[in-house]
Undergrad: 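Pasting in a structure now, in structure tokens, and then I'll have a few things to ask.
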Amino acid sequence: MTDVTATVVRLKLSLLRNGLRQSGGRRAAFVVSAVLALLFGAAQLLGLIMLRGHAHADAVAVPAAVVLALGWAFMPLFFPSGDETLDPTRLVMLPLRPRPLVRALLAASLVGVGPLFSLLLLTGCAAAVAHGAAGYGVAVLAVPLALLVCVALARTVAAANVRLLSSRKGRDLAVLSGLVIAVGAQLVNFAARSLGSAGLGELAPVADVLRWLPPASAIGAVHAASTGSYGTAAAQLALTVLALALLVGAWARTLTRLMTAPDGSTLQAPDPAGRARASDGAGLGRLLPAGRTGTVMARSLRYVWRDPKTKAAWVTSLAIGLIVPVFNALQGTGSIYFACFAAGMLGIQMYNQFGQDTSAFWMVALTISSPRDAYVELRGRALALLVITLPYATLVTVLTTAMLGDWPRLPEVLGLSFALLGAMLATGAWTSARFPYSIPQDSHKNVAAGQAGLAWIAIFGGMVSAALLCAPVIALTITLNVSAGGGEWTWLLLPVGAAYGAAITWSGLRAAAPRTAANLPEILSAVSRG
């Protein structure tokens, strides 16, 4: 058994070492991310140690262990390529039994930056609540137990979903990562502000419940032992050990099933009626314009629905565009003008339009022989984007207005949103032709190596240009709001903003069309990299 464990640990180290040998950029990214993670972990350790003696130290330490466990459970689902050993089916042809393999993979899972960061955080949680010889003695057992529960939880969840993670459709699960991160960041911000005004005592009822939930029960055992509740500490430690045993057992059963049962995840069920499945675009095609414009719109909308990278970008933009104004309104610090954030986030999707096509852009390039063809292509892509962005930006603006109760400003904010969206469509079309870059489909990166500068120029340069193009509408808004009696005419900003957005979009598409037609070889070369 020791030989199997040692072999798998050496395999994990070899995978890490060989991965870093692929390129200097990958080595630099690993070193930077490792240093930042360890610095953050050390900062958390020091911060938790400084809580020693605080009346509500356990109210912070116990929930922190639960948050860490949730991270271990779900992050492998969002980033399955982060650890090559997450897929045990690669070892299915080897003469290995599940139990020894579980022990070997569990040991290999303790190698890496993530486990070291978790060890720092759990050590800080235990140190924050430990007092006396009994508390420190229990902490020596509790910290490794909590870490093992986190790792076993991650492996059990990953093994249960390995068929999903290794399939093409399963990779769409990473789309949720942007949404979870966006929502989580705002929830943390909201909770931090609430705690800043109410104090750590607000977490005490939550901690009282979570201290019986592994692996937080291990930290709860340290606190109980420190206060002399030895029976409670023993029960919480026993609960942690039981959770570890159950997770390892479930993991072993899943491995047995994975290594003995055939993979039917990619088998299509037969059609009982014997009829071919209708194209999913048939219904959509009837609603779109005829000719090339409708074809381009259908293709762009299909990318949004099917392509994982495009879908991830859209889901993230949709989530952040709603979360920022809504959460600020909930916190009482928002402004109705935050609703324009939705139009801004969705307008970014117009940038690098040809990059989402990757090497398939050559089929589009064959159909463009003149600026007119390029204009129709860009127009179709812009209209496809407007199908989603116009109703969504309107919905977010109305929702934000309702939450703030500032209905008189609704027309002017809608006008500003439409003007901003038009400006971003215009600049996005031009930068797509002038600064195209590739979006790798086989990695988590959104920009191919060596093209990061192009991406920064395209996105941030375009956003600055869009802000400048919106200057007339912004100036008119300010003028009407500060002038005497101007507030009675702010409703005019809605038709003015909509007309200005439409005009600037048309102008931008017209300006970008000749550049697109003339720059086709360079665009094809740029978007086909990586």
Undergrad: Go through the structure and list residues passing side-chain hydrogen bond (donor to acceptor under 3.5 Å, both in side chains) with S118, not counting sequence neighbours.
TA: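 With sequence neighbours excluded, S118 shows a side-chain hydrogen bond (donor to acceptor under 3.5 Å, both in side chains) to W72, given in chain and number order.
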
Undergrad: In terms of heavy-atom contacts, does CH2 of W362 have more than 12 from other residues, nucleotides or ligands at under 6.0 Å?
TA: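 No, because the 6.0 Å sphere around CH2 of W362 holds 12 heavy atoms or fewer from other groups.
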
Undergrad: Would you say the side chain of D373 lies within less than 4.5 Å of the side chain of T367, judging by non-hydrogen atoms?
TA: no

Undergrad: Does any non-hydrogen side-chain atom of V376 lie less than 4.5 Å from one of V296?
TA: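 They are not in side-chain contact.
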
Undergrad: Check the pair M297 / R381 against side-chain contact (heavy atoms from CB on, under 4.5 Å), numbers first and verdict last.
TA: CA-CA 6 Å; M297 291 179 67; R381 293 175 183 249; over 6 Å; no

Undergrad: Ignoring hydrogens and angles, write down the donor-acceptor pairs under 3.5 Å from the side chains of residues 384-391, residues two or more places apart or on other chains.
TA:
from : atom 1 : to   : atom 2 : distance (Å)
T389 : OG1    : L385 : O      : 2.9

Undergrad: Suppose the criterion is salt bridge (charged side-chain N to carboxylate O under 4.0 Å, His left out): which pairs have a residue in residues 391-406, not counting sequence neighbours?
TA: D406-R409

Undergrad: Show, in sequence, the C-alpha distance, side-chain angles and deciding distance for L416 and V473, and conclude whether the side-chain contact (heavy atoms from CB on, under 4.5 Å) test is met.
TA: CA-CA 7 Å; L416 281 173; V473 180; 3.7 Å; yes

Undergrad: Distance from C470 atom SG to Y500 atom OH, nearest 0.5 Å?
TA: 6.5 Å

Undergrad: Are the side chains of L509 and W430 in contact, using a 4.5 Å heavy-atom criterion?
TA: no

Undergrad: Nearest 0.5 Å, what's the CZ-CG distance between F40 and L121?
TA: 8.0 Å

Undergrad: Does K12 use its side chain to pair, donor to acceptor, with the backbone of S109 at less than 3.5 Å?
TA: no

Undergrad: Over all heavy atoms of both residues, which pair between L378 and M350 is shortest? Give the atoms and the distance, please.
TA: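 Smallest interatomic distance, heavy atoms only, reads O-CE, 4.1 Å.
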
Undergrad: Does N352 reach the main-chain N or O of P436 with its side chain, forming a donor-acceptor pair under 3.5 Å?
TA: no

Undergrad: Who pairs with Y351 by ring-ring contact (aromatic ring centres under 6.0 Å, His included), at least two apart in sequence or on another chain?
TA: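 Residues passing ring-ring contact (aromatic ring centres under 6.0 Å, His included) with Y351: none at all.
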
Undergrad: Can you find a pair of side-chain heavy atoms, one from M424 and one from I348, that are under 4.5 Å apart?
TA: yes

Undergrad: Check R515 against A433 and note the closest heavy-atom contact, atom names and distance.
TA: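 In this case the closest contact between R515 and A433 is CG-CB, 3.6 Å.
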
Undergrad: Do N481 and E412 have side-chain heavy atoms sitting under 4.5 Å apart?
TA: yes

Undergrad: Begin from the C-alpha positions of F341 and I320 and carry the test side-chain contact (heavy atoms from CB on, under 4.5 Å) through to its verdict.
TA: CA-CA 8 Å; F341 204 82; I320 297 178; 3.5 Å; yes

Undergrad: Whether the Y303 and Q353 side chains hold a donor-acceptor pair (N or O, under 3.5 Å, no angle test) is what I'd like checked.
TA: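 Their side chains do not contain a donor-acceptor pair, so the 3.5 Å distance test is not met.
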
Undergrad: Given side chains that start at C-beta, do those of T358 and V527 come closer than 4.5 Å, heavy atoms only?
TA: no

Undergrad: Counting only pairs under 3.5 Å, give me each side-chain donor-acceptor contact of residues 397-404, with atom names and distances, residues two or more places apart or in other chains.
TA:
from : atom 1 : to   : atom 2 : distance (Å)
T397 : OG1    : A393 : O      : 2.7
T400 : OG1    : V396 : O      : 2.8
T401 : OG1    : T397 : O      : 2.7

Undergrad: Taking salt bridge (Lys or Arg N to Asp or Glu O under 4.0 Å) as the test, write out the residues that go with R292, two or more places apart.
TA: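 Checked R292 against salt bridge (Lys or Arg N to Asp or Glu O under 4.0 Å); matches are E377.
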
Undergrad: When you compare the side chain of W305 with that of W314, does any pair of heavy atoms fall below 4.5 Å?
TA: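 A side-chain contact under 4.5 Å is absent here.
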
Undergrad: Is it the case that the side chain of Y392 and the backbone of A342 share a donor-acceptor pair, with hydrogens and angles ignored and the cut-off at 3.5 Å?
TA: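 A pair under 3.5 Å: no.
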
Undergrad: Quick one: are V364 and F354 in side-chain contact, heavy atoms under 4.5 Å?
TA: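 A side-chain contact under 4.5 Å is absent here.
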
Undergrad: Does T427 reach the main-chain N or O of A423 with its side chain, forming a donor-acceptor pair under 3.5 Å?
TA: yes

